[in-house]
Amino acid sequence: MEKYIFMIERLFDYYGKYLHGKEMGVKLALLAFLSRGHILIEDSPGLGKTTLAIAIAKSMGVDFGRIQCTNDLLPTDVTGLNIFNKEKGEFEFKHGPVFNNILLVDEINRATPKTQSALLEAMGEKQVTVEGKTYKLNQPFFVIATQNSAESYGTFPLPESQLDRFLMKINLGYPSKEEEFVILKGGSSRGRIYESEPAISKEDALELIHFVREGIKIDDSILEYLIEVVNKTRNHSKIATGLSTRAALSLVNVAKASAIINKRDYVIPEDVLDYYTYTMPHRIIFKGMFSGSEKIEILEDIIKSVKLPY
């Protein structure tokens, strides 16, 4: 247990050196990574989304790739394609950017639905199929996607099946005046991140993920509490489609990751309560039009209506 806590501390020390004003974004991204999920960031340009993705990759010494989505991006630009080798007289598979450990998919809703769907299998099954042949992706595999607001020109809304592949949907937001002062004084940290040494190794990261999955205990009473919350979303007068079983599993995984970040090997109800607003809203289809804050209020009412398991 101690060595995993030490790894977590080393990671947060690393992020503290290079990422100012993004403490919550860093914590949520790390939770998603340790939960074997993916994260969707909806924010304005220039708030550090790319720097965050690069820092996560460099901190663990894993491969990093980036896809800039446009409406002429093809599925094979994501997965890779077979290319004929004249010397060998046969086709060879050229790996696409999805074969990196950490993949930044920038402006995902500018890609067409066909190209967006190419990511579905990768994010859900950790594999891609090209011309009938399946290729396993490298592990760990973590997608950080960004999207523009739905009102932006030339965007294609993500379907429910795609949104459900994201463990969390978050906003980085603007830094405080004090944090922005530090950023302006020190300049961009991206160059220093590229030259930095990893805080932990790729093997450490995989071992940490395995420990979160297998080593963190969650009591049956908390699972029953989660089931009660999930069922409430499925039977609410303002909700058309409630949380899926995949969403419930995601909540369990996030709660386990929260436990190790808080130096525990067991889950407490607060591990669920602290992060449900990042993991639930984008997976639920509401009846009628509600603002983001109204959706959160509905979910908070649901959570409050369920008795805590202690």
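These numbers come from a predicted model, not from an experiment.
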(message) Between Leu31 and Leu273, is there shared hydrophobic-cluster membership here, with clusters defined by ILVMFWY side-chain heavy atoms closer than 4.5 Å?
(response) yes
(message) Please determine whether salt bridge (Lys or Arg N to Asp or Glu O under 4.0 Å) holds for the pair Glu121 and Lys126, giving the CA-CA distance in whole Å, both sets of side-chain angles, and the decisive distance to 0.1 Å.
(response) CA-CA 7 Å; Glu121 183 184 15; Lys126 307 290 193 295; over 6 Å; no
(message) So does Ser291 get a backbone contact from the side chain of Glu294, meaning a donor-acceptor N/O pair under 3.5 Å?
(response) yes
(message) Go through it in stages, so that I can follow the logic: the residues are Glu23 and Lys27, the test is salt bridge (Lys or Arg N to Asp or Glu O under 4.0 Å), and I'd like the CA-CA distance, side-chain angles, deciding distance and then a yes or no.
(response) CA-CA 6 Å; Glu23 285 74 12; Lys27 181 184 283 188; over 6 Å; no
(request) Would you please name every residue forming a salt bridge (Lys or Arg N to Asp or Glu O under 4.0 Å) with Arg66, sequence neighbours left out? (result) Asp106
(request) Kindly give the heavy-atom pair with the smallest separation between Asp77 and Pro97, and that separation in Å. (result) O-CD, 3.2 Å
(message) I'd like to know if the side chain of Arg110 and the backbone of Asn71 have a donor-acceptor N/O pair within less than 3.5 Å.
(response) no
(request) Mark yes or no for whether Asn262, through its side chain, and Arg264, through its backbone, hold a donor-acceptor pair below 3.5 Å. (result) no
(message) Parallel, tilted or perpendicular: which one describes the rings of Tyr4 and Phe211, with boundaries at 30° and 60°?
(response) parallel
(message) Main chain of Ala55, side chain of Ser59: is a donor-acceptor contact present, judged purely on distance under 3.5 Å?
(response) yes
(request) Please name all residues satisfying side chain to side chain donor-acceptor pair (under 3.5 Å) with Thr134, sequence neighbours left out, ordered by chain then number. (result) Thr129
(message) For the CZ atom of Arg246 and the CG atom of Leu243, what is their distance to the nearest 0.5 Å?
(response) 12.0 Å
(request) Please name all residues satisfying side chain to side chain donor-acceptor pair (under 3.5 Å) with Ser196, sequence neighbours left out, ordered by chain then number. (result) Tyr14
(message) Applying a strict under-4.5 Å side-chain criterion to I, L, V, M, F, W and Y, I'd like to know whether Leu137 and Phe93 cluster together.
(response) yes
(message) Is there a continuous path of hydrophobic side-chain contacts, each under 4.5 Å between heavy atoms, that joins Leu226 to Ile298?
(response) yes
(request) Provide the closest heavy-atom pair for Lys58 versus Tyr194 in the form atom of the first, atom of the second, distance. (result) NZ-O, 3.2 Å
(message) Hydrophobic clustering (ILVMFWY, side-chain heavy atoms < 4.5 Å, transitive) - are Val252 and Ile268 grouped together?
(response) no
(request) Answer yes when Glu125 and Arg165 have at least one side-chain N-carboxylate O distance shorter than 4.0 Å, and no when they do not. (result) no
(message) If you count heavy atoms of other groups shown closer than 6.0 angstrom to CD of Glu197, is the number above 12?
(response) no
(message) Can you tell me if Glu2 has over 12 outside heavy atoms packed within less than 6.0 Å of its CD?
(response) no
(request) Could you please spell out the steps behind the salt bridge (Lys or Arg N to Asp or Glu O under 4.0 Å) verdict for Lys263 and Glu9? (result) CA-CA 10 Å; Lys263 304 179 182 180; Glu9 289 176 343; 3.1 Å; yes
(request) Supply the atom-to-atom distance Ile193 CD1 to Tyr15 OH, rounded to the nearest 0.5 angstrom. (result) 10.5 Å
(message) Whether the side chain of Lys256 engages the backbone of Arg213 through a donor-acceptor N/O pair (distance < 3.5 Å, no angle test) should be reported.
(response) yes
(message) So does Ala111 get a backbone contact from the side chain of Gln116, meaning a donor-acceptor N/O pair under 3.5 Å?
(response) yes
(message) Among residues at least two apart in sequence or on other chains, which ones pass side-chain contact (heavy atoms from CB on, under 4.5 Å) with Ser221?
(response) Asp219, Pro309
(request) Give a yes or no on whether Leu308 and Ile227 share a hydrophobic cluster (residues Ile, Leu, Val, Met, Phe, Trp, Tyr; joining criterion: side-chain heavy atoms under 4.5 Å apart). (result) no
(request) Over all heavy atoms of both residues, which pair between Ile102 and Ala53 is shortest? Give the atoms and the distance, please. (result) CG2-O, 4.2 Å
(message) I need the Leu11 CG to Ile261 CD1 distance, nearest 0.5 Å.
(response) 9.0 Å
(message) Holding to side-chain contact (heavy atoms from CB on, under 4.5 Å), I want the full list of residues that pass it with Asp63, two or more places apart in sequence or in another chain.
(response) Asn100, Asn101
(message) For Leu251 and Met280: C-alpha separation, side-chain torsions, deciding distance, then whether side-chain contact (heavy atoms from CB on, under 4.5 Å) applies.
(response) CA-CA 8 Å; Leu251 288 171; Met280 292 170 67; 4.3 Å; yes
(request) Step through it carefully: locate the ring centre of His38, locate the ring centre of Phe141, and say whether they are under 6.0 Å apart. (result) yes
(message) Can you tell me how far apart CD (Gln147) and NZ (Lys169) are? Round to the nearest 0.5 Å.
(response) 5.0 Å
(message) Please find the pair of heavy atoms, one from Arg283 and one from Leu167, that lie closest to each other, and give the distance.
(response) NH2-CA, 3.1 Å
(request) Heavy atoms only: give me the nearest Val98-Ala122 pair and the separation to one decimal. (result) CG2-CB, 3.7 Å
(message) Checking the side chain of Thr115 only, and the main-chain atoms of Leu73 only, is there a donor and an acceptor separated by less than 3.5 Å?
(response) yes
(request) Using atom types as modelled and distance alone, determine if a side-chain donor or acceptor of Thr146 lies under 3.5 Å from a backbone N or O of Ile41. (result) no
(request) Tell me, yes or no, whether the heavy-atom count around Lys287 atom NZ, taken from other residues, nucleotides or ligands under 6.0 Å, exceeds 12. (result) yes
(request) To the nearest 0.5 Å, tell me how far Thr51 OG1 sits from Lys49 NZ. (result) 10.0 Å
(message) Would Glu300 and Tyr276 count as a side-chain contact (heavy atoms from CB on, under 4.5 Å) here? Give the steps.
(response) CA-CA 9 Å; Glu300 285 179 339; Tyr276 73 91; 3.0 Å; yes
(message) Main chain of Arg10, side chain of Asp13: is a donor-acceptor contact present, judged purely on distance under 3.5 Å?
(response) no
(request) Working to the nearest 0.5 Å, report the span between CD1 of Ile83 and CZ of Phe91. (result) 10.0 Å
(message) Less than 3.5 Å apart, any donor N or O on the side chain of Ser250 or Asn253 sitting next to an acceptor on the other?
(response) no
(message) Quick check against the 3.5 Å criterion: does Lys202 have a side-chain atom that pairs as donor or acceptor with the backbone of Val62?
(response) no
(message) Closer than 4.0 angstrom, basic N to acidic O: yes or no for Glu228 and Lys307?
(response) no
(request) Please name the pair of heavy atoms, one in Val267 and one in Asp271, separated by the smallest distance, quoted to 0.1 Å. (result) CA-OD2, 3.4 Å
(message) Checking Asn171 now: which residues fulfil side-chain contact (heavy atoms from CB on, under 4.5 Å) with it, not counting sequence neighbours?
(response) Glu42, Asp43
(request) Answer with yes or no whether the side chains of Asn85 and Glu92 bring together a donor and an acceptor at under 3.5 Å. (result) yes
